[in-house]
A.B. asks: 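Let me give you the structure first, and then I'll get to my questions.
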Number of protein chains: 2
Amino acid sequence: MELTDRQKQILRAIVDIYVSTAEPVGSKAIAALPDVNFSSATIRNEMADLTQMGLLEQPHTSAGRVPSPAGYRLYIDELMQDYRLSLDETKSLNEALELKSQEFDQMMSQVGKLVSKMTDLPAYAMATRQSGAVAKHFDLIMAGPGSIILVLMLSGDVVKNKLIKLPVSVTEADLKLLAAVLNASLTDLPAQQITGEVLEKISRSAGAASPLVPLVMDFTLECLRQQHGDVHLTGQMRLLGQPEYRDAAEKAQEVFETLDEEMISKLPAVLPKDGPVQFLVGPENVARELKDTSVVMMRFDIGEGMQGTIGVVGPTRMDYAKITAKLGYFAENLGRMFQKGGTPSAMPPALTEGMKNEE
Amino acid sequence: MELTDRQKQILRAIVDIYVSTAEPVGSKAIAALPDVNFSSATIRNEMADLTQMGLLEQPHTSAGRVPSPAGYRLYIDELMQDYRLSLDETKSLNEALELKSQEFDQMMSQVGKLVSKMTDLPAYAMATRQSGAVAKHFDLIMAGPGSIILVLMLSGDVVKNKLIKLPVSVTEADLKLLAAVLNASLTDLPAQQITGEVLEKISRSAGAASPLVPLVMDFTLECLRQQHGDVHLTGQMRLLGQPEYRDAAEKAQEVFETLDEEMISKLPAVLPKDGPVQFLVGPENVARELKDTSVVMMRFDIGEGMQGTIGVVGPTRMDYAKITAKLGYFAENLGRMFQKGGTPSAMPPALTEGMKNEE
DNA sequence: TATTAGCACTCAGAAAAGGCGAGTGCTAAG
DNA sequence: CTTAGCACTCGCCTTTTCTGAGTGCTAATA
């Protein structure tokens, strides 16, 4: 059933007002809006219809209306107006975008904190691999007597290392040999194809360095199997700044007991459709504890084979338009930073103003 | 002024009861204790004295007594009884102690989560360097056309790496030369001694690889200057499980606005005295926002030059004895795990029961 | 002198009662 | 189809009352 333009206008107004006041919206409040030319009585009638359709809800008989999850969904998909970041906002986003660390994990963690701070809501950042990881390059470095550093480069320009301490003494030549063997037999091999057979062959060819092999393989397999980097979830406490949680600490606690890092890492799989921006509204969510919680997430490109996701967690009543705009701004600039690789702090993000998303 | 034995007994009882009930303790509750042989009236008199001395407080005239910060401090320093972990507790601690990851930062983050989970309070884990870091070994690996991996080993067995992408093409030999130069000129040099002069000398000796030098040095200096690893603070929400914060979300939020990762990293400097266990009680704390908050922290050994700290954040009214016991158990076993280096998950922590601390 | 029983008094917090007013749905007129 | 008018509902805020745990003091007791 299609909505009339007027109904759309009213629904949009209700969401907009409710989002900023957190109070049920009455017919008079809407009638008072500048571009509304019909009386509160008319609006009451329309609101009754919208309630009938399941787009609005009434906390109790004598209260105003509140958008239902379906109402939010409609709003997001069709009604939401682009939010244009103000110059002030762009400015502080830009200032925030200075990442200090150069290490990948730390950068992602900083990104999470940043998003949380700039949206004043709990947020997360994570990196996911688009396809299965494969090893690209092995190296073994002698770091001292009995100390060997294993350096492993994966697809997607991820470099991992591990310090291995071994009572057995090996020579540089042994290490060189083992590294060569590893490079020859494991490069570009997905984890599933690394079977016992392969391992045995490596062990045999490794010569004096063979005691190293199990340690090396352990680490390598661990790295390969890790489909996504850690989820960096932060700012949980900011949820308490939201009026709906102000006196419901218990509920807030529940939210994050359910929505932990592990759950977040699985969210992309649950999503209805694909696209750069994703909204998870209330009951669409997976768990009952999250029925009043929404998540807005956005992807950005990190580099070959890797993809970043930033997301914001908030009450269903959240300013989807503004959050989307901010996330979009982040995504755009982070994407640029990461892709250039090297030194992100050296590259000031362009002062793009405003953000697009579907109307 | 010295306390009589009876006063000590009463103070201890009040703390113990208050810690578990979170309700002001009345004279009758103490009189009902099995090993108390004096009447509630006597206790009332003693309580009046203790209040006079500033060890107890009275929320209001007709309420029981609550320990004052000074009371807690006395309790911790002199009255606290060793808490003996139950077999069940030791068991679940042991189960939890299986660290999955092999990467240092991730391990520390897991440790934080673990401590938080097992104490049901916000917790953190961090690693601090006992002395200034120096570089121990440099290596440069050719990872592909224009891709170079810098591997840097620091004192304390910390290995860092960075992928450098460079439009300039360099040969393996160039890299080898640069690595040799770096090793020769920077090894064991503290950050302060790495001056422009030194850099210039390196640049000059680097030959074809000299465009790499600034990038390498940037990263190296960053690593050297980082006195402590990240603070991994987690489980903030668990503070809400404490009755004093149940309906005071705002206060809980304030706590962590103040006590953020940065502040935590500075805590050790604020501490009155040294020792493996440290207590920060209420107003001893640095900021006014933390006046009802305590921190218990404990050090553990990670390996040469490095030291780990785990800590728990909670209301002043927290079970110092139990928390201390649990932290101690963690510290002991983590220390053992980290020192053995290699594969922590391979080493089941001994089933030490009970924990010591001063009586 | 140290302890205890007894008692009047205090006061926070729970429960009950009352009042306010925003907002609704309906009806009837424009 | 729209709107003015009006009776009605009901959450929430404020006020009031009530209750009982706990105190401090006094006077009796060991």
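Convention: sequence-line order gives letters A, B, ...; per-chain numbering from 1.
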A.B. asks: Rounded to whole angstroms, how far apart are NZ on B:K28 and C1' on D:dT23?
C.D. replies: 10 Å
A.B. asks: Apply the side-chain contact (heavy atoms from CB on, under 4.5 Å) test between B:Q9 and each candidate in B:D35, B:I43, B:L79; give the one that qualifies.
C.D. replies: B:D35
A.B. asks: Roughly how many Å is it from NE2 in B:H60 to C1' in C:dT10, rounded to a whole number?
C.D. replies: 9 Å
A.B. asks: I need the CG-C1' distance between A:D247 and D:dG11, as an integer number of Å.
C.D. replies: 16 Å
A.B. asks: State, without any angle test, whether A:E89 and A:Y83 hold a side-chain donor-acceptor pair at a distance under 3.5 Å.
C.D. replies: yes
A.B. asks: Looking only at the side chains, is there a donor atom on one of B:Y320 and B:S294 sitting less than 3.5 Å from an acceptor on the other?
C.D. replies: yes
A.B. asks: Expressed in angstrom and rounded to an integer, what is the separation of A:M47 atom CE from D:dT2 atom C1'?
C.D. replies: 16 Å
A.B. asks: Which is more 5' along DNA chain C, the nucleotide nearest B:R6 or the one nearest A:A29? Just name the residue.
C.D. replies: B:R6
A.B. asks: What's the closest nucleotide to the B:N45 side chain, out of D:dG24, C:dT4, D:dT3?
C.D. replies: C:dT4
A.B. asks: Taking the minimum atom-to-atom distance to the side chain of B:S62, which one of C:dC11, D:dT2, C:dT4 wins?
C.D. replies: C:dC11
A.B. asks: Once you round it to whole Å, what is the distance between P of C:dG23 and CG of A:L56?
C.D. replies: 15 Å
A.B. asks: Roughly how many Å is it from CD in A:E23 to C1' in C:dG21, rounded to a whole number?
C.D. replies: 14 Å
A.B. asks: With nearest nucleotides of DNA chain C determined for B:T61 and A:Q58 from heavy-atom distances, which residue corresponds to the more 5′ nucleotide?
C.D. replies: B:T61
A.B. asks: Side chain of B:F38, heavy atoms from C-beta onward: which of C:dT4, D:dT3, D:dT9 has the nearest atom to it?
C.D. replies: C:dT4
A.B. asks: Let's see if you can work this out: which of D:dT2, C:dT10, D:dT3 has an atom nearest to the side-chain heavy atoms of A:A41?
C.D. replies: D:dT3
A.B. asks: Go through D:dT23, C:dG25, C:dT4 for me and flag the one nearest to the B:R65 side chain.
C.D. replies: D:dT23
A.B. asks: Measure from the side-chain heavy atoms of B:S39 and tell me the nearest of D:dT2, C:dT4, C:dT24.
C.D. replies: C:dT4
A.B. asks: Taking 4.0 angstrom as the limit, do A:D16 and A:R12 come out as a salt bridge?
C.D. replies: no
A.B. asks: Which nucleotide wins on minimum distance to the side chain of B:R44, given the candidates C:dT24, D:dG24, C:dT4?
C.D. replies: D:dG24
A.B. asks: Can you tell me the distance, in whole Å, between the CD1 atom of B:I30 and the P atom of D:dA21?
C.D. replies: 17 Å
A.B. asks: With a 4.0 Å cut-off on heavy atoms, is B:S27 in touch with a base, just the backbone sugar-phosphate, or nothing at all?
C.D. replies: sugar-phosphate
A.B. asks: Measuring from B:T234:OG1 to A:F256:CZ, what's the distance to the nearest 0.5 Å?
C.D. replies: 13.5 Å
A.B. asks: Between atom CD1 in A:I43 and atom P in D:dT3, what is the gap in whole Å?
C.D. replies: 9 Å
